[in-house]
Amino acid sequence: MQIIKIFGIKFNSYDNMNEFRNHIKNFLSTDNCKSIFTPNAEMIARTVEDKSFREVLKRSEVNLPDGVGILLLAKKKGIRINRFPGIEAMLEILKLAEDLKIPIYFLGAKKEVVESMVNRIKIRYPNLVIAGYRDGYFKREEEENIISEINNSGAKILFVALGFPKQEFFIDKYKDKLKVNIAIGVGGSFDVLSGKKKRAPKIIRELNLEWFYRLLQDPKRILSRFPNLIRFIRFYFRYKDHEEVN
């Protein structure tokens, strides 16, 4: 495993999937909660102006390079890394959890989406132990009860799909209270695994154009994410001025 630092944030680049699986197994043998995030270009753009969000990413045990933007920044430092999409990390962890009989909990998305996803996952991973699930539409005053629900479920792995930066802030805020071994932010993965959205064909993923495929599926994303795209482009060309940020 290679660890590189971009804008003060450590990224984990695994040589192969077995290396990732072994890292996850090590986390499962510990007593405290480890956070895993999957930053992309949009999230890095957010950290430029939002120092609190940057600190959340810096406190995470693992940051996976989810997005071609991270690869480009690494290349600018003279380092070649492989993209590791959050959904692939989720699928690998689900398979590992099934093999080891590790209870999991799903939190996020709309009620019908998470329910559909759970039904599909039960078919795909028939021996997976699902400790519980609930949608991501809740008020701040409900959060403590949700944490208790997760802890009481006996889950050891928590998948959170609240969208960024909410899911990262949520995990970081309750990391010390959660009794799970791993909490991972997975963004829109619930939508894909529920069948609501299709993932890009393999050739598109290999060309690192999955982001463009997602935009074609939901053109409204272009308007909402355009400002962050502009911020990232500006950051990319000025990156040499930020390399030593701690």
Side-chain angles (χ1 to χ4, degrees), residues 17 20 24 35-40 42-43 64 66-67 83-139 142-143 146-147 149-150 153-171 178 180 182-206 209-225:
M17 200 59 77
F20 175 70
I24 296 301
S35 56
I36 301 176
F37 300 137
T38 59
N40 55 21
E42 192 176 3
M43 293 168 70
L64 301 174
D66 182 352
R83 178 170 173 258
F84 198 155
I87 189 168
E88 291 184 10
M90 181 175 178
L91 292 173
E92 197 63 34
I93 293 174
L94 284 173
K95 179 57 180 171
L96 181 63
E98 181 185 40
D99 293 342
L100 300 178
K101 300 295 188 293
I102 303 295
I104 61 172
Y105 193 103
F106 300 107
L107 173 65
K110 295 180 179 179
K111 183 178 180 180
E112 60 269 24
V113 170
V114 69
E115 288 179 347
S116 176
M117 181 194 67
V118 168
N119 289 333
R120 283 170 170 253
I121 283 178
K122 286 179 179 178
I123 296 173
R124 186 168 183 173
Y125 306 97
N127 296 316
L128 184 67
V129 181
I130 300 178
Y133 63 89
R134 68 151 292 156
D135 65 82
Y137 289 80
F138 51 82
K139 298 178 181 178
E142 298 178 84
E143 291 180 355
I146 291 173
I147 297 301
E149 180 181 323
I150 295 170
S153 74
K156 295 303 179 184
I157 300 175
L158 170 66
F159 294 98
V160 184
L162 302 176
F164 105 89
K166 186 177 179 180
Q167 63 193 16
E168 288 78 19
F169 278 119
F170 180 87
I171 291 173
L178 283 166
V180 300
I182 296 171
I184 175 171
V186 293
S189 296
F190 285 16
D191 287 330
V192 176
L193 295 180
S194 70
K196 180 182 177 182
K197 291 183 179 180
K198 293 182 179 180
R199 197 178 177 199
K202 185 176 180 180
I203 183 64
I204 299 297
R205 301 200 300 267
E206 290 177 346
L209 291 174
E210 191 167 9
W211 62 273
F212 184 67
Y213 184 87
R214 289 199 297 265
L215 287 180
L216 292 179
Q217 283 191 302
D218 187 5
K220 293 181 180 179
R221 287 163 58 102
I222 298 177
L223 293 177
S224 64
R225 303 198 169 190

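Fair warning: this is a prediction, and the values are worked out from it, not measured in the lab. Every heavy atom of this structure was used, including side-chain atoms; hydrogens, water molecules and symmetry mates were not.
- Between the CD1 atom in I130 and the OH atom in Y125 there is a gap of 11.0 Å [rounded to 0.5 Å].
- In this structure, CG in L94 is found 4.0 Å from CZ in F159, a value given to the nearest 0.5 Å.
- Taking all atoms of both residues into account, the shortest heavy-atom contact from G185 to I171 is N-CD1, 3.7 Å.
- Across all their heavy atoms, A155 and Y105 have their closest contact at CB-CB, 3.7 Å.
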Any chance you could lay out the side chain to side chain contact (heavy atoms under 4.5 Å, CB included) test for V186 and I87, step after step, and finish with the verdict? CA-CA 7 Å; V186 293; I87 189 168; over 6 Å; no
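- Note that CD of E143 and CD of E149 are 13.5 Å apart. Values are rounded to the nearest 0.5 Å.
- Two residues are said to be in side-chain contact when any heavy atoms from C-beta on lie closer than 4.5 Å; L107 and F138 meet this criterion.
- Here the shortest heavy-atom pairing between P103 and A131 reads CB-CB, 4.1 Å.
- Across all non-hydrogen atoms, the minimal contact from T38 to G86 is CG2-CA, 3.6 Å.
- Side-chain contact between M90 and L193: present, with at least one pair of heavy atoms (C-beta onward) separated by less than 4.5 Å.
- Judged purely by atom type and a 3.5 angstrom limit, E142 uses its side chain to pair as donor or acceptor with the backbone of K139.
- Exactly one residue among L158, L128, I121, V180 makes a side chain to side chain contact (heavy atoms under 4.5 Å, CB included) with I104. That residue is L128.
- At distances below 3.5 Å, not a single donor-acceptor pair connects side-chain atoms of S116 with backbone N or O atoms of V113.
- From E92, atom CD reaches atom CE of M17 across 4.5 Å, with rounding to the nearest 0.5 Å.
- Rounding to the nearest 0.5 angstrom, the gap separating the CD1 atom in I24 from the CD1 atom in I102 is 11.5 Å.
- Side-chain atoms of F190 and K110, non-hydrogen and from C-beta on, never get closer than 4.5 Å to each other.
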Does the side chain to side chain contact (heavy atoms under 4.5 Å, CB included) test come out yes or no for D66 and M43, once each step is laid out? CA-CA 10 Å; D66 182 352; M43 293 168 70; over 6 Å; no
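- Using a 4.0 Å cut-off between charged nitrogen and carboxylate oxygen, E98 and K95 count as a salt-bridge pair.
- K166 meets the side-chain contact (heavy atoms from CB on, under 4.5 Å) test with L162; sequence neighbours excluded.
- Taking CD1 from I157 and CD1 from I184, the interatomic distance works out to 9.0 Å, rounded to the nearest 0.5 Å.
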